[in-house]
Amino acid sequence: MVRTVAVTGAIVQVLLLATLGASLGVGPVGWSTGLVCGLGAAVAVQRGLARSGARRAGPADWVTLARAMLACSVAALVAESFVRPAARSTMVAIAAVALVLDAVDGQVARRTATATPFGARFDMEVDAFLIAVLSVEVARTLAPWVLAIGAARYAFVAAGWVWPWLTEPTPPRYWCKVVAALQGIVLTVAVADVLPRVANEVALAAALALLAESFGRDVWWLWARHHRVPSTRVTKRALAEVS
């Protein structure tokens with residue numbers, strides 16, 4: 001059953017790319033990008049489910065998998081836009097569907113009582129990937145600093161390699177989900193290019209500020225906890241020695 005998830009994801013990705021190829025003439029650049037991203041996501045899901053001990057994917061995981069394949073399709077279109085005119089309307093349509101499904105998978109997990117740590121992590125990584133892909137397209141046409149929005153999650157992960165205390169779990173906060181959703185919405189609107197340039201830049205700057213606040217709060221909480229835990233351990237050891 002775990003392998004079925006990966007195979008299904010790969011098949012869906014190929015079908016999506018074939019549809020884009022037939023309707024928009026997506027070439028080798030888009031196809032290769034979409035396939036690498038889609039197959040990589042499928043393999044990551046299979047390994048993640050296996051490591052979590054799950055025997056099968058839950059209903060919400062299937063919704064998140066669909067979002068992942070849509071995000072990979074957006075990545076294919078963004079890559080293709082470097083060699084031919086961008087299919088922005090299609091990018092926006094696919095991204096909008098992925099954003100709508102982002103509100104669905106959580107509801108499905110709660111209503112079916114199938115919420116899992118793997119599902120939450122899977123959902124978060126798909127959000128981060130879609131935001132990163134959209135930020136590349138916006139940065140290419142609007143302002144390079146927008147890449148900071150897409151790179152934030154991956155910079156946080158990279159920082160965890162240097163400071164392991166950053167990899168500790170943080171308390172769940174609904175605000176984090178709201179901020180992540182806002183990034184996707186603001187970036188999708190910027191890709192659609194329906195607002196004046198100044199309005200897009202202001203909205204993107206506000207989104208980046210909210211993202212910095214959200215990550216900053218997590219980093220502060222982890223830093224404070226990291227500095228409290230050792231002193232607590234020393235106190236316990238001292239009490240044990242005295243007794």
Side-chain angles (χ1 to χ4, degrees), residues 13-14 16-41 44 66-102 123-159 179-215:
Q13 187 61 67
V14 170
L16 285 170
L17 290 172
T19 301
L20 293 175
S23 60
L24 300 174
V26 173
V29 174
W31 263 95
S32 58
T33 301
L35 284 175
V36 169
C37 293
L39 294 177
R67 287 178 49 227
M69 297 305 108
L70 291 172
C72 291
S73 297
V74 175
L77 292 175
V78 171
E80 191 73 9
S81 69
F82 281 86
V83 295
R84 65 175 66 193
R88 292 197 157 208
S89 59
T90 305
M91 282 185 206
V92 171
I94 296 175
V97 174
L99 291 172
V100 170
L101 290 178
D102 187 24
D123 177 64
M124 179 175 62
E125 297 301 342
V126 172
D127 285 344
F129 180 71
L130 179 60
I131 290 169
V133 169
L134 291 172
S135 72
V136 170
E137 176 61 23
V138 177
R140 187 179 67 86
T141 58
L142 190 63
W145 58 264
V146 177
L147 286 173
I149 296 177
R153 164 65 184 164
Y154 301 103
F156 184 79
V157 172
V179 171
L182 284 174
Q183 308 306 308
I185 292 170
V186 171
L187 287 167
T188 301
V189 171
V191 172
D193 198 22
V194 294
L195 297 177
R197 182 185 181 92
V198 174
N200 278 330
E201 290 181 345
V202 170
L204 289 164
L208 179 57
L210 289 174
L211 190 62
E213 183 277 334
S214 181
F215 274 110

Spell out, as yes or no, whether a donor-acceptor pair under 3.5 Å connects the side chain of [X] to the backbone of [Y].
{"X": "Glu80", "Y": "Gly27", "answer": "yes"}
{"X": "Ser214", "Y": "Leu211", "answer": "no"}
{"X": "Glu137", "Y": "Val191", "answer": "no"}

Side chains of [X] and [Y]: does their closest heavy-atom pair fall under 4.5 Å?
{"X": "Ser81", "Y": "Met91", "answer": "yes"}
{"X": "Val26", "Y": "Trp31", "answer": "yes"}
{"X": "Arg140", "Y": "Val78", "answer": "no"}
{"X": "Leu77", "Y": "Leu24", "answer": "yes"}
{"X": "Gln13", "Y": "Leu39", "answer": "no"}
{"X": "Val100", "Y": "Arg67", "answer": "no"}
{"X": "Val179", "Y": "Phe215", "answer": "no"}

Testing the basics here: between [X] and [Y], what is the closest heavy-atom pair and its distance to 0.1 Å?
{"X": "Val138", "Y": "Ala190", "result": "CG2-CB, 3.9 Å"}
{"X": "Ala139", "Y": "Leu147", "result": "CB-CG, 3.6 Å"}
{"X": "Gly30", "Y": "Ala76", "result": "O-CB, 3.2 Å"}
{"X": "Ala95", "Y": "Thr188", "result": "CB-OG1, 3.8 Å"}
{"X": "Tyr154", "Y": "Ala128", "result": "OH-C, 3.6 Å"}
{"X": "Ala75", "Y": "Thr33", "result": "O-CG2, 3.7 Å"}

Next item on the list: Kindly indicate, with the supporting measurements, whether the criterion side-chain contact (heavy atoms from CB on, under 4.5 Å) is fulfilled by Val126 and Met69.
Entry: CA-CA 9 Å; Val126 172; Met69 297 305 108; over 6 Å; no
Measure the spacing between [atom1] of [X] and [atom2] of [Y] and express it to the nearest 0.5 Å.
{"X": "Leu99", "Y": "Ile131", "atom1": "CG", "atom2": "CD1", "answer": "8.5 Å"}
{"X": "Asp102", "Y": "Asp123", "atom1": "CG", "atom2": "CG", "answer": "5.0 Å"}
{"X": "Ile94", "Y": "Ser89", "atom1": "CD1", "atom2": "OG", "answer": "9.5 Å"}
{"X": "Leu130", "Y": "Ser73", "atom1": "CG", "atom2": "OG", "answer": "11.0 Å"}

Checklist line | With Val186, the side-chain contact (heavy atoms from CB on, under 4.5 Å) member among Leu134, Asn200, Val146, Leu204 | finding: Leu204
Notebook entry, point to check: Which is it for Asp193 and Thr141 under the side-chain contact (heavy atoms from CB on, under 4.5 Å) test, yes or no, and what are the steps along the way?
Noted result: CA-CA 10 Å; Asp193 198 22; Thr141 58; over 6 Å; no
Item checked: Salt-bridge present (Arg153, Asp127; N to O < 4.0 Å) -> no
